[in-house]
Amino acid sequence: MDLIGIQIIQVLSGIATLALMGAGLAVIFGMMRVINFAHGEFMMLGGYVVIVCTEQFGINLWIAMLIIAPIFVGLVGLVFERILIRFLYGRMIDTLIATWGLSLFLIGVVTWIFGNVTRGVQTPLGAYSFGDYSEKVYTLVMIAFTVVIYLAIFIVLRRTKLGLIARGTMQNPNQASCLGVSPPRVYMVTFAVGAALTGLAGAILAPLNTVIPTIGVSYVAQAFITVITGGAAAFTGTVLASGVFGTVRQVISFEWTPILGQVFLLITAVILLRIFPTGITGRFFRRST
Amino acid sequence: MRSITRRKFLATSAASAAAITAAGFMGNVRIAHADDEIVIASLFDQSGGLDVYGTPMTMCTTLAVEEINAAGGLLGKKIRLISYDPQSNMELYAQYAQEAALKEKVAVVQGAITSASREVIRPILGENKTMLWYSVIYEGGVCDMNNVVSGATPLQMGDPVVEYGMKNYGKKVYYIGADYNAPQIIGDWGKKYVTEHGGEWLAKNLFPLDVTEFGPEISKIQAAKPDFLYTCLVGGAHISFYRQWAAAGMLKKIPMVSFTFGVGNEHKSLKPEECDGIVSAQPYFQELETPANIAFVKRFQDRFGGPDKAPYLNSVGSGSYIGTWFWAEAVKKAGTIEREAVLKALASGMSWEGPSGKLTVDPASMHCIQDVHLAKVEGGSWKVFQTINQLRPDDVKDRCDLTKNPATAEQFTPQL
């Protein structure tokens, strides 16, 4: 009984981790079709913001994580949207090369400032007991944050005018322009929001992991696989894909080995994309966000 | 939206791949040999993912060379060190090893960090009759006359720490490590020791180097209820394991011994509350309180920017200092830099005493008999509590005897 309970928590935590990693990419790649290879580095920046704020300036961990990290990384995203990305909309392969360069640049800058040294913040809130098992409280907090973040995204996109404008512009910039919307500005803001969500994810995951300039590579592939498998309706798709992958990986990791967990995650992705070449939401929930 | 053809995608990606490869081939303009110098090479990654290990190793080699030169040089000549940077890239290892052997005709290569890179350069240097000195702790079993090893082996580091665990914590052992040859083989040595000493080997689980999520594994370890955990995790991403282990409240519940903890300065990255109590056995700790080591640490820190800026020294970093000095002493004994003569001098059972204590070459394996220290993390630093003197590197004694079969050049693994 305890074992089943703890496994359910692990599965939820696996799903939440993937969904969190995918949120920002669902905006930047899913909605805007920019292949952002610097996604992992935006997450890495979020982690560094938490470390610098808490260690150098003594700022409260939660404020650093939930407020300062997304704002900072959002601004970084805004700057690079202006000087780099905005010239490349609609040129998907070129965005891949450009953001790859951006990723190397960010790794270089952070290594130059902080050194290639592993840093980290201790996981807050301690542990709780679940029958025979002991687990960290922070896992539950992370799951809760993920749920709140996705609820917020759905509400903004489906229920506000801002969300309507963003979705409309992504679907048909010319038509949106005719209706008095300025597509470049909408693109700029949307990219910054995507970057902010990515920074937030990196910050929330920082107390669970370590932060090192090259940590991005641990995140980027998983985020892409999740969002691509999700398909056209980026957010619903990312949630569905996270659900499938998180469950497969955690259960297999638990029953057999973590390597098989990774292998089965990829096999599942291949099978899903074979059945649904345009992603899960290419077939189901097509009208969702 | 502009469409992407397959051809265009291939062209663009091929072009960028070519650009990246080309970047690797640049550099290394050097002056020709002068007659009054002896040239040696070091091959340690000073950039890329492994630079945390390679940078202190290059510094230690540099310090050793400077000290030898300041003390009058070697055979009346100065040593010139060529520090190659293979950038954590196996192709560059192969390329630089060839360059060192054929173009620079170096007297010795102090080189390789991971076992993978060692296995790339070992055959190249063997064919080109250039001596390789490997000074990193590793999975053991290399049996090659041309490859002198001063790094410690599983018999010297793994067995003592597992023995400590079985004596103090209990007989049920659970092993986790990184997923490549060294942790794989070290795990097999551990299993051999545990089963031969009446213990129970519960599991050996390996993780790819980029894994950061250890939640399921931590629950799994709790379900298996081991008496202690034996780890051989490697690299920055894997430090997450220790953090998540402590956060789940496990640090005080299931004790941990480790082969690798501390080698990547894990105890400096984590908070003391996240790693206090972990036990490891290593041939060297910066905290060793011997006069030789205190003096060595001071010289190192003075040379590289003071105690705050100089990197922390562990058994990997300090290894190349020991390797360089030991080789130089062997040259003095042989009276020449000729490879055969130097190897013969070493194989005579030569000893040298450095910051980690006394090392003696075992002619059968060309590995070193050396001291190993058991230490526990306390307040984020190592507290050495026991020293085991002069442990023999007899891991594959049953199959490796270079005094009888000097032509052997292979790596043996444990027979389970």
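A, B, ... follow the sequence lines: proteins, then strands. Residue 1 opens every chain.
- Taken from OH in A/Y219 to OG1 in B/T212, the straight-line distance is 5.0 Å, to the nearest 0.5 Å.
- Residue contact with chain B, scored on non-hydrogen atoms closer than 4.5 Å, is absent for A/Q7.
- Inspection of non-hydrogen atoms places no residue of residues 307-318 of chain B under 4.5 Å from chain A.
- Other residues, nucleotides and ligands place more than 12 heavy atoms under 6.0 Å from the NZ atom of B/K204.
- Contact tally against chain A (heavy-atom pairs below 4.5 Å) for B/S47, B/G249, B/G264, B/P216: the top residue is B/P216.
- Pairs engaging residues 52-62 of chain B under the side-chain hydrogen bond (donor to acceptor under 3.5 Å, both in side chains) rule: B/T61-B/S320 [sequence neighbours left out].
- Taking 4.5 Å as the limit, every side-chain heavy atom of A/R119 sits out of range of all side-chain heavy atoms of B/S269.
- Interface remark: B/K220 contributes backbone and side-chain atoms alike to the contact with chain A (heavy atom separation under 4.5 Å).
- Interface residue B/Q244: backbone and side-chain heavy atoms are both found under 4.5 Å from chain A.
- Within 6.0 Å of the NZ atom in B/K252, the count of heavy atoms belonging to other residues, nucleotides or ligands does not exceed 12.
- With a 4.5 Å cut-off on non-hydrogen atoms, A/Y138 does not touch chain B at all.
- In terms of heavy atoms, B/A223 sits closest to A/Y133 at CB-OH, 3.3 Å.
- The CD atom of A/Q10 lies 12.5 Å from the CZ atom of B/F214; values are rounded to the nearest 0.5 Å.
- Environment of CZ in A/F37: sparse, with no more than 12 heavy atoms of neighbouring residues, nucleotides or ligands closer than 6.0 Å.
- Put simply, of B/V52, B/L209, B/N205, B/D210, the one with the most heavy-atom pairs under 4.5 Å next to chain A is B/D210.
- A/E135 and B/Q222 share no donor-acceptor pair across their side chains, judged by distance under 3.5 Å alone.
- Contacts of B/K225 with chain A are made by side-chain atoms alone, with heavy-atom separations under 4.5 Å and no backbone atom involved.
- For residues 207-217 of chain A, heavy-atom neighbours of chain B at less than 4.5 Å comprise A/P207, A/L208, A/N209, A/T210, A/I212, A/I215, sorted by residue number.
- Ion pairing between A/K136 and B/E274 fails under the 4.0 Å rule for side-chain N and carboxylate O.
- When heavy atoms are compared at a cutoff of 4.5 Å, A/T139 does not approach chain B at all.
- With values rounded to the nearest 0.5 angstrom, A/S218 atom OG is found 12.0 Å from B/E213 atom CD.
- For residues 251-258 of chain A, a heavy-atom distance under 4.5 Å to chain B picks out A/S253, A/F254, A/E255, A/W256, A/T257, A/P258, given by residue number.
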Exercise. Yes or no on side-chain contact (heavy atoms from CB on, under 4.5 Å) for B/R243 and A/T123, after CA distance, side-chain angles and deciding distance?
Worked result: CA-CA 7 Å; B/R243 168 154 292 143; A/T123 319; 3.3 Å; yes
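- Closest heavy-atom contact between A/S134 and B/M250: CB-SD, 4.0 Å.
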